K.L.:
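Encoded as structure tokens, here's the structure I'll be asking about.
Convention: sequence-line order gives letters A, B, ...; per-chain numbering from 1. Since this is a predicted model, take the numbers as computed values, not measurements.
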Number of protein chains: 2
Amino acid sequence: MKKPITIHDIAKLAEVSSATVSRVLSGSGYPVSAATREKIQRIAKESNYIPNMLGKQLKTNSSMTIGVIIPSISNPFYSSVLLGIEGIARQNRFHVIVCNSLHDAALEEEYLKTIAEKQVKGLIISSIGSDQELLQKLMDTGMKVIAIDQKVEGEGISQVEFDYRKGGYMAAKHLQLKGHRRIGYVTSLLDRPSRRSIYQGYEEAMRESGLEPLAVESTEDDVYSSLNEFNMGKKLTARLLEAEQPPTAIFACNDVMAFGVMHELSRRGIQVPQDMSVIGFDGIDYGQMIHPPLTTIQQPDYEMGSIACKMLLDQLNGETNPVYDVLLEPQLLERSSVAQVGSVE
Amino acid sequence: MKKPITIHDIAKLAEVSSATVSRVLSGSGYPVSAATREKIQRIAKESNYIPNMLGKQLKTNSSMTIGVIIPSISNPFYSSVLLGIEGIARQNRFHVIVCNSLHDAALEEEYLKTIAEKQVKGLIISSIGSDQELLQKLMDTGMKVIAIDQKVEGEGISQVEFDYRKGGYMAAKHLQLKGHRRIGYVTSLLDRPSRRSIYQGYEEAMRESGLEPLAVESTEDDVYSSLNEFNMGKKLTARLLEAEQPPTAIFACNDVMAFGVMHELSRRGIQVPQDMSVIGFDGIDYGQMIHPPLTTIQQPDYEMGSIACKMLLDQLNGETNPVYDVLLEPQLLERSSVAQVGSVE
DNA sequence: TTGTATGCGTTATCAG
DNA sequence: CTGATAACGCATACAA
């Protein structure tokens, strides 16, 4: 296990000072004679020189790294967001550190600390925690933060989020347009702003048409896994069907839960969409792989990631830092899980 | 934007030397009087001290970080592996840097360099590239490497992989056991060892029973996305059905592709499993969310991650470094997409 | 138990 | 154009 070679080693071999070596190898553009420049580069290559970023970053106090904290990459929604972030980051020669908070506020906070300790100056976060005290402190020390998906109260935090309320509204309206009057809503625990907004949109659309909301909410605090959401969809559907006046359409707060809804219906011999319409929320790819393909409200997840990353890089570079919010519009993705009902006159 | 505070600042405030501060705050266990210890801790807390890991790591030459290079976290298989890695890493107070090579050998190499420059001493990689020259150089400088999923030729690289061949064999045998004689195999480009092994297992099981293999291989070099695999499954199924003697069962090289197979069959009015049996490969959660639930060969993906991480940490800590391979056994996951065919005597 | 001094690998400042 | 030297924040050998 030989010692890694440093600029000093190269300096000796090239018979110059380490300062000159640094100037060449760091790509600083500082004037160095062509001859020595070439010599240094040659020696560096021959000796398999690997720059030590720790030294460099310690000195320059800039890590070219952004941190990302999300609930879980096993959620296809977040993995798509992440790909969007990475795409932009890579274009700008930035690296990304990803942390899965796994819906655990304590873990989120721990990662937050880690990121700060690693001298990461930019953060994109879909926060689970309610306590943003630490976050504020970090921002006071100069960290730039973009909140995605989940709104974070606080000064100076730019946000990029979906118009969840509108999405919920659109879903309910679409079902109404198809003739449905009794529209059920199944949702996981309404403990997060995003989820409350979807519900709010749904409720608004219902009231607006003089319809009674018919919602069932999971009581379980969710340990997120797609399998969990799926099973929750099954359970909630069962509860929904117990009503004296069961709905003719079900709106699920996310696609995976909609899969659960469809599974439970199928198990009971209820056909989708003939006997019951189903609409989801998210627009993950798997929605078109099941049968029937799921009609859903699509969120531009990849774009959320790329936009957030662009905003962050702007803040990191820019002298002036306008704080602003971006609201991404949802889109109805009509596939085959919703049917027209009643007479069409 | 105030300057971040350092151990020297704390030293001044506490009227001690920075060495003493370091001893307390780094948790070194070095003897310090209870009084000053408390005082230092109090001041550190009051002043929101955030240790600078760059300084620490530069000094100690150990980053407590492991790198992970995988094709793409949007693949649920890899995201599961990753969660397994992170779980173990976290238990041991290690951090993880994830890089998505996106099936791009050049990008993989770039990330490899980045990881080395960040002084990461341990790497878990599912390699896409064929050129492991750089990898070998890095290992020469002391980097520990565990290859997962994709076999990497090279000295000193421990591997943890699935017994792909056996998995392919099991799938084909299961279908045979259910009475199928004409069994089709749909696969993406056989350009990777893992894929070739599955095919090999399938072929072996067929020949062994005196059956003719009936395989269709995608010609496209895959830009991996689940949607892509899905569509490929559809296309390949169409090709398979053109045969004069179409199969009675189809084995797909991964679950998402199996979804495509089922979709195409359903589109043509061919019922699964009554008219055609389908078996997948991977065991992702979505397999039980579709209809009918997909029978498949399950790979212990999470375990692959946790085992690989344990092995890596052992190598990182241990003085002695036995290099060894772990072969994970696949398991038949019987659900409802395979039917008995012919008479059962 | 504490302090002093040094160095990890790099870049920045300043002088030549 | 080049070199000597200091500094980034921290940990540690050595001295007290």
K.L.:
Can we say A:K137 and A:E133 salt-bridge, meaning some charged N sits less than 4.0 Å from an Asp/Glu carboxylate O?
P.N.:
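Here A:K137 pairs with A:E133 in a salt bridge, since their nearest N and O are under 4.0 Å apart.
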
K.L.:
Could you grab the distance from atom OG of B:S127 to atom CG of B:D149, nearest 0.5 Å is fine?
P.N.:
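Answer for the OG-CG pair, B:S127 versus B:D149, is 10.5 Å.
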
K.L.:
Using a strict 4.0 Å threshold on nitrogen-to-oxygen distance, state whether B:K39 and B:E15 make a salt bridge.
P.N.:
yes

K.L.:
What is the distance from NZ of A:K12 to P of D:dG3, rounded to the nearest Å?
P.N.:
14 Å

K.L.:
To the nearest Å, how far apart are B:M64 CE and D:dA11 P?
P.N.:
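Distance, rounded to whole Å: 13 Å.
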
K.L.:
Any side-chain N or O of B:T20 less than 4.0 Å from the OP1 or OP2 oxygen of C:dG3?
P.N.:
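For C:dG3, OP1/OP2 do have a side-chain N/O of B:T20 under 4.0 Å.
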
K.L.:
Are any of A:T36's side-chain N or O atoms less than 4.0 Å away from OP1 or OP2 of D:dT2?
P.N.:
yes

K.L.:
Between B:E46 and B:R42, is there a salt bridge with N-O shorter than 4.0 Å?
P.N.:
yes

K.L.:
What integer distance in Å separates A:K39:NZ from D:dT2:C1'?
P.N.:
14 Å

K.L.:
What string of B, S and - do you get for nucleotides 9-16 of chain C, 5' to 3', when a contact is any protein heavy atom under 4.0 Å?
P.N.:
BBBBBB--

K.L.:
Salt bridge or not between A:K3 and A:D9? Use side-chain N to carboxylate O under 4.0 Å.
P.N.:
no

K.L.:
Rounding to an integer number of Å, can you tell me how far A:Q57 CD sits from D:dC10 C1'?
P.N.:
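Rounded to whole Å, this separation is 15 Å.
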
K.L.:
Between A:S194 and A:Q150, do the side chains contain an N or O donor and an N or O acceptor separated by less than 3.5 Å?
P.N.:
yes

